[in-house]
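For reference, the structure is listed below as C-alpha cells.
Lettering of chains follows the sequences in order, A, B, ..., and the numbering in each one begins at 1.
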2 protein chains.
Amino acid sequence: MSEKKVVSIKDIAALSGVSIATVSRIINKKGRYSKETEKKVMDIIESHGYVSNMAAKSLREAKSHTVGLIVPDISNDFFSTISLHVEKFFADAGYSVFICNSANDSEKEKAYFRTLDSKLVDGIICISGLQSLPSDLTPRNIPIVCIDRYPENDKNIPIVSSDDTMGSYLATEHLIKKDCKNILFIANFTADYNRKTRYHGYEKAMKDYNMDIKKQNIIYLSGDQPSYVESEVQISNMIQNGYEFDGIFASSDRAALGALYALKRHNIDVPNKVKIVGFDNSLYSQLPSPSISTISRNTTMLAENGSQVLLDMMEGKTIENHRIIVPINLIERESSK
Amino acid sequence: MSEKKVVSIKDIAALSGVSIATVSRIINKKGRYSKETEKKVMDIIESHGYVSNMAAKSLREAKSHTVGLIVPDISNDFFSTISLHVEKFFADAGYSVFICNSANDSEKEKAYFRTLDSKLVDGIICISGLQSLPSDLTPRNIPIVCIDRYPENDKNIPIVSSDDTMGSYLATEHLIKKDCKNILFIANFTADYNRKTRYHGYEKAMKDYNMDIKKQNIIYLSGDQPSYVESEVQISNMIQNGYEFDGIFASSDRAALGALYALKRHNIDVPNKVKIVGFDNSLYSQLPSPSISTISRNTTMLAENGSQVLLDMMEGKTIENHRIIVPINLIERESSK
DNA sequence: ATGAAAGCGCTAACAA
DNA sequence: TTGTTAGCGCTTTCAT
C-alpha cells in the first residue's frame with residue numbers, strides 16, 4: 001500500500017504561500033480573498049487532490065453533515081424504498097447518511113441511537129420499533145423525525161405517516177361494496193408497535209355498513225414465522241374446518257399472499273368465491289396471479305416529507321405541523337374484481 | 001429545544017476528580033488505573049449519559065470506525081439484501097456504515113468516493129458501475145473491496161463475486177437437457193458494466209452441446225425502460241412475427257418475467273411449449289405463476305465475505321486471495337418443469 | 001496508578 | 001484582503 005502523505009489545509013497553505021485561514025475561507029467560499037489568490041489556491045488543491053478532513057471540521061463546528069437512518073430491515077422493500085429516497089434527498093442537501101438495521105430489536109435500536117449521537121449526526125430519521133423514545137437516548141438532544149410509526153415521547157417529535165386507519169377503512173369498504181358478507185381481518189405481527197390502527201379502520205367500516213364483527217374473523221399472526229407462512233397455515237385450517245368466508249383484508253401483502261396460497265391449494269376461486277385485499281403495494285401483491293388488490297402508501301412522499309422536516313429542524317426552523325399525513329389509496333387488482 | 005450541555009471527557013474528569021487521561025484510559029479499557037477509580041468514573045459516566053465525541057476521536061486517531069457502502073440502488077432487492085448483511089457485519093464489528101446510491105451514474109459514484117474519503121471512512125465496499133477505479137478517487141488511499149462487479153484498477157482491489165458465467169452455463173444446460181431446441185438469450189441492460197460474462201455461459205453451454213447459436217436468438221435490452229417491459233415487448237414482437245422458440249434464458253429475473261407475460265398474453269403454455277430460466281432468485285421469479293426457475297447467487301456470502309476481506313484489510317492483514325468466488329446454483333421451478 | 005501537555009485539522013474571532 | 005491564534009474533544013507520550 002503506497003503511503004502517499006495525506007495533504008492538509010496546512011500543506012495547501014504552505015504550497016500556495018498564504019495562511020491556512022485564507023485557504024479555509026476559499027474552501028468554504030466565505031469571501032474576503034482576491035480572485036487571484038482564489039485561483040492560485042484552488043489550483044494547488046486540485047493538483048494535490050486535497051479533500052478536507054471532515055472529522056476536524058465536525059469537531060470544530062460540532063456538526064457532521066451526516067444523518068442517521070434507522071429502519072427495522074432494509075431488505076424489506078417498503079423500508080428500502082424509503083431509504084433510497086431519504087438518502088437521495090440528503091445527498092442532494094450535502095449530507096451523508098448512516099444506515100442502521102434495528103431488526104425490530106429494542107436494545108439494538110437504542111444502541112444505534114447512542115452510536116449515531118456519538119458520531120455527531122446532525123439528525124436522525126427513524127422507523128422505530130420502540131414503544132417510547134426517552135430523551136436521554138441522544139444526550140446531544142438532536143432533531144429526530146419519525147416515519148410511519150410513532151413511539152411515545154416527551155419532546156413533540158414530528159411524525160410523517162400515512163393514514164393507516166383510512167387505508168384499512170378503504171380496503172374493508174371495498175370488500176363490502178363488492179358484496180362480501182363475511183370478511184376476515186388478518187392482523188400482521190409488528191413487534192412492539194401496536195396493530196390497532198389498522199384494525200380500527202376495519203372496525204369502523206364494518207360498523208358504518210352495519211356488519212357484524214365476529215371474534216373468529218379476526219386472525220392474529222404471531223411473528224414466529226414469515227407472515228405469509230403463518231397466514232397460509234391459519235387460513236388453510238379455517239378452510240379445513242369448514243369455516244365459510246368470502247372476503248379477506250390482510251394488513252400486509254405477505255399475509256394476503258399466504259391467504260391466496262391457501263385458497264389456491266384448496267381450489268377456491270379468487271376472486272369469485274373469496275376476494276382479497278392486502279396492504280403495502282409491494283411486489284407480494286403485484287406479482288402473483290391473480291394479482292392482489294392492495295392499499296398503497298406513498299413511500300416517496302413519506303421519505304421526502306420526513307427528510308424535509310428533519311432538514312428544517314437541523315437548520316433551526318420551527319416546525320408548525322408535527323403530524324404530516326401522506327395520502328393513501330386503494331389499488332384494485334384481480335383478487336377483488 | 002432544551003439546551004442540556006453536552007458533557008465531555010473533561011467534565012467527567014472534573015466530576016470524578018481525576019485527569020482526563022485517566023478517564024480516557026478507562027473508557028478505552030487500556031489498563032493503568034485502579035478498580036476503584038474505574039468504578040467511580042464509570043458511575044459518573046453512566047449518570048451523566050456521557051457519550052464520547054467520535055469526531056474528536058476520529059481526528060486524533062485518523063480513523064473513524066466507519067465504512068462506506070456504494071450500491072447502484074438500494075431499493076433493488078439484490079442490493080438491499082447485500083446492504084443488510086454488510087451493515088450487520090460491520091455493526092457487530094463496531095463500525096457504522098454510510099449508504100450511497102450511485103444510480104449507476106459514474107459522476108455521482110466518483111463524488112461518493114471523495115465524500116466518503118473526506119469523512120475519513122476506514123474502508124469502502126462497492127458494487128460499482130464504474131469502468132475503472134482510478135486510485136486518486138480516494139486520496140487517503142483507503143482499503144476498497146468490490147462485490148459482484150469488477151472495475152479495472154491498478155491496485156489489486158479484492159473482488160468477491162459469484163461465478164456468473166457458470167450460472168449462465170447451468171441455466172442454459174438445464175434448458176438443453178429439458179429438450180429445448182431453440183433457446184433465446186435475453187441480455188439485460190447493465191450500464192457501463194459489460195454483459196459478456198453471462199453471455200459466455202450461454203455460448204459455452206450451447207457449444208458443448210453442439211447447438212447452433214443464432215444471431216436472432218440473442219436479444220439485447222436497451223435500458224430505456226424497465227427491463228420487464230422491454231422484454232415483454234420484444235418477445236411479443238417475435239411471437240407476432242411467427243418466430244418459433246421453446247426456451248428462454250434471461251439474464252435477469254425481471255426480463256424473464258417480461259417474457260412470461262408476453263407468452264401468457266399469447267396463450268403460449270409455460271412450461272409445456274416454452275421453458276424459462278431467469279437470474280437472481282428475486283421476488284420476480286419467486287412470486288409469479290408459474291414460478292420461474294432461476295440462478296441464485298448467494299447474497300449473504302457475497303456480503304459477508306466482502307465485509308470480512310475489507311475488515312481484514314483495515315486491520316492491516318495481508319490478503320492472500322484477491323478473487324473470491326461464491327457458489328451459484330440453479331433453482332428449478334414451474335417455468336421449466 | 002495517575003497527570004500534564006502536545007497535537008490531530010479545521011474555523012472563526014480578532015488584528016493588521 | 002490577509003494572517004495569527006485559540007480551541008473543538010480526544011489519545012498518547014512522557015513524567016512522576
Just how far is it from atom [atom1] of [X] to atom [atom2] of [Y], taken to the nearest 0.5 Å?
X: A/S24; Y: A/K10; atom1: OG; atom2: NZ; value: 15.0 Å
X: B/S64; Y: B/L59; atom1: OG; atom2: CG; value: 11.5 Å
X: A/I147; Y: A/L302; atom1: CD1; atom2: CG; value: 5.5 Å

Can a side chain N or O of B/S19 be found less than 4.0 Å away from OP1 or OP2 on C/dG3?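 Yes, because at least one side-chain N or O of B/S19 sits under 4.0 Å from OP1 or OP2 of C/dG3.
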Phosphate OP1/OP2 of C/dT2: any B/S34 side-chain N/O under 4.0 Å: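 Yes.
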Check for a donor-acceptor pair, side chain of [X] on one end and backbone N or O of [Y] on the other, with a separation under 3.5 Å.
X: A/S102; Y: A/N104; value: yes
X: B/N28; Y: B/K30; value: no
X: A/D122; Y: A/K63; value: no

Please work out if B/S58 contacts a base, only the sugar-phosphate, or nothing of the nucleic acid, heavy-atom cut-off 4.0 Å.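 If one applies the 4.0 Å heavy-atom cut-off, B/S58 turns out to touch nothing in the nucleic acid.
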Does A/D43 come within less than 4.0 Å of A/K39, counting only side-chain N to carboxylate O?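 Result for this pair is yes, salt bridge flagged.
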Write down the distance between [atom1] ([X]) and [atom2] ([N]), rounded to a whole number of angstrom.
X: A/H65; N: C/dC10; atom1: NE2; atom2: P; result: 13 Å
X: B/K39; N: C/dA1; atom1: NZ; atom2: P; result: 19 Å
X: B/L59; N: C/dG7; atom1: CG; atom2: C1'; result: 9 Å

Would you say NZ of B/K40 has more than 12 non-hydrogen atoms from neighbouring residues, nucleotides or ligands within 6.0 angstrom?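 Check passes, neighbour count above 12.
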Please encode protein proximity along nucleotides 11-16 of chain C as a string of B, S and -, counting only heavy-atom distances under 4.0 Å. BBBBB-
5' to 3' on DNA chain D, which nucleotides open and close the contacts with chain A (atom under 4.0 Å from a heavy atom)?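 Boundary nucleotides touching chain A, in 5' to 3' order, are D/dT1 to D/dG9.
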